[in-house]
Amino acid sequence: MAVSVIPTLDLERAIAEQGYDVIVGFDEVGRGSLAGPVMVGAAAIWARDLGGFSGVRGGESAGRGESGESGDLDGAEAEAAGGASGAGVAPLEVPKGVADSKMLTERKREAIFDELEQWCAAWAVGAASNTEIDEWGISYALGVAALRALAEVERKLGVGGGESAGIAGSSESSEALNNLKIGAILDGPNDYITKALNTFDAPDVPIPADVTCKVKGDRHCATVATAAVIAKVTRDRLMVELAAQPQYAPYEWAHNKGYGSAAHRDAIAEFGPSDLHRLSWHLV
């Protein structure tokens, strides 16, 4: 599968130039699936790591996540040691191999997954279940899933007293973290994130993101492409795990990932829908 377009950091830099400290790329996976959750990936970078921006954090590794498991930040430790200028640190580059997740094979997505997690300052995948989709509709479910991801990203960045907030050991650093400006790039034409903000079912987000919608953002923006791959791999792995359970085996989710293949629809017709199917959807 040939990759014809390589994402850049051009839009991320344009947003950083507007005074934002953090840029978060968002992309969804599972919108059209018949079963399982819809997920939205979020991949955050520090504006200062793009080069030429002051930001609020410093140090040699400020903002670049080093844990493939959690996507957590290690930059505050460097700040505590006194590094504030980031001098000598090469600007963040587009991660090698990243592209629109739909243009990458499953094997390629798996191969670059750990590297993409480590490239981010913080990352998360938010989900909305099949029952939430049935209750709320897909657009609002996507918005809640995205806000769940954003809330987790901000927790990892230490915003609002999250797990990294106390590493620097100073009230000044905590205050700075709670006064960040966060810009977002959302794949597609519709801002379902802002629409869901502050609604009854949405999670609390310490700092709402100012969202820029970008059609085909997963092809053109490195943070969005990164979020897309992380979300895709995360959801695919879940569907494969579920497929191994006897009650879900007839639906062949390991192959179709919950989407409407002929074999999947035939199984629904024969065995009926499972508890993980979206009952409000046309299943057969």
Side-chain angles (χ1 to χ4, degrees), residues 1 26-43 100-110 113 123-152 186-197 199-203 217-218 224-225 227-284:
M1 190 178 302
F26 289 91
D27 200 11
E28 68 194 52
V29 63
R31 175 194 282 262
S33 179
L34 305 183
V38 68
M39 292 186 175
V40 179
D100 176 2
S101 64
K102 296 183 289 296
M103 302 298 294
L104 301 174
T105 64
E106 183 173 359
R107 178 177 295 182
K108 180 62 175 177
R109 291 192 296 267
E110 286 282 355
F113 182 78
W123 63 270
V125 179
S129 69
N130 60 298
T131 55
E132 289 174 327
I133 294 169
D134 285 336
E135 180 180 353
W136 300 335
I138 189 63
S139 181
Y140 182 62
L142 283 165
V144 171
L147 290 172
R148 288 168 175 168
L150 179 59
E152 177 66 6
L186 174 61
D187 181 57
N190 300 313
D191 179 9
Y192 49 70
I193 298 177
T194 304
K195 290 179 181 177
L197 190 67
T199 59
F200 181 77
D201 296 293
D218 51 355
V224 179
V229 172
I230 290 174
K232 176 67 173 170
V233 172
T234 299
R235 188 179 185 279
D236 282 358
R237 289 175 177 177
L238 172 64
M239 297 308 292
V240 170
E241 291 175 4
L242 291 171
Q245 300 182 28
Q247 68 269 37
Y248 304 128
Y251 306 108
E252 300 186 15
W253 291 342
H255 301 291
N256 59 56
K257 308 303 188 291
Y259 288 90
S261 68
H264 188 183
R265 291 185 185 276
D266 288 346
I268 296 171
E270 181 176 354
F271 299 101
S274 73
D275 61 335
L276 295 181
H277 279 94
R278 303 174 187 178
L279 301 181
S280 60
W281 291 45
H282 181 66
L283 297 178
V284 294

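Predicted, not measured: the structure shown is a model, and the values here were computed from it.
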For Leu279 and Asp134 the tightest heavy-atom approach is N-OD2, 3.0 Å

Taken to the nearest 0.5 Å, the spacing of Asn256 CG from Leu34 CG works out to 8.0 Å

Nearest heavy-atom approach of Ala254 to Ala243 is N-CB, 3.4 Å

- Query: How about Val233 and Glu110: do any of their side-chain heavy atoms sit closer than 4.5 Å?
  - Reply: yes

Distance col, row Leu142:CG vs Arg31:CZ, nearest 0.5 angstrom, shows 5.0 Å

Under 4.0 Å between a side-chain nitrogen and a carboxylate oxygen: does that hold for Asp236 and Arg109?
yes

Between Glu132 and Tyr140, is there a side-chain donor-acceptor contact under 3.5 Å, judged purely by atom types and distance? no

Residues Ser261 and His264: side-chain donor-acceptor under 3.5 angstrom:
no

* Modelled atom types, side-chain donor and acceptor of Thr131 and Arg278, under 3.5 Å -> no

Rounded to the nearest 0.5 Å, the CE atom of Met239 sits from the OG atom of Ser33 at a distance of 5.5 Å

Salt bridge (charged side-chain N to carboxylate O under 4.0 Å, His left out) filter on Glu106, not counting sequence neighbours, yields Lys257

**Message:** Any heavy-atom pair between the side chains of Asp27 and Val40 that's under 4.5 Å?
**Reply:** no

- Kindly assign one of parallel, tilted or perpendicular to the pair Tyr251 and Phe271, based on the angle between their ring planes and the thresholds 30° and 60°. perpendicular

Between the CG atom in Asp201 and the CH2 atom in Trp136, the distance rounded to the nearest 0.5 Å is 4.5 Å

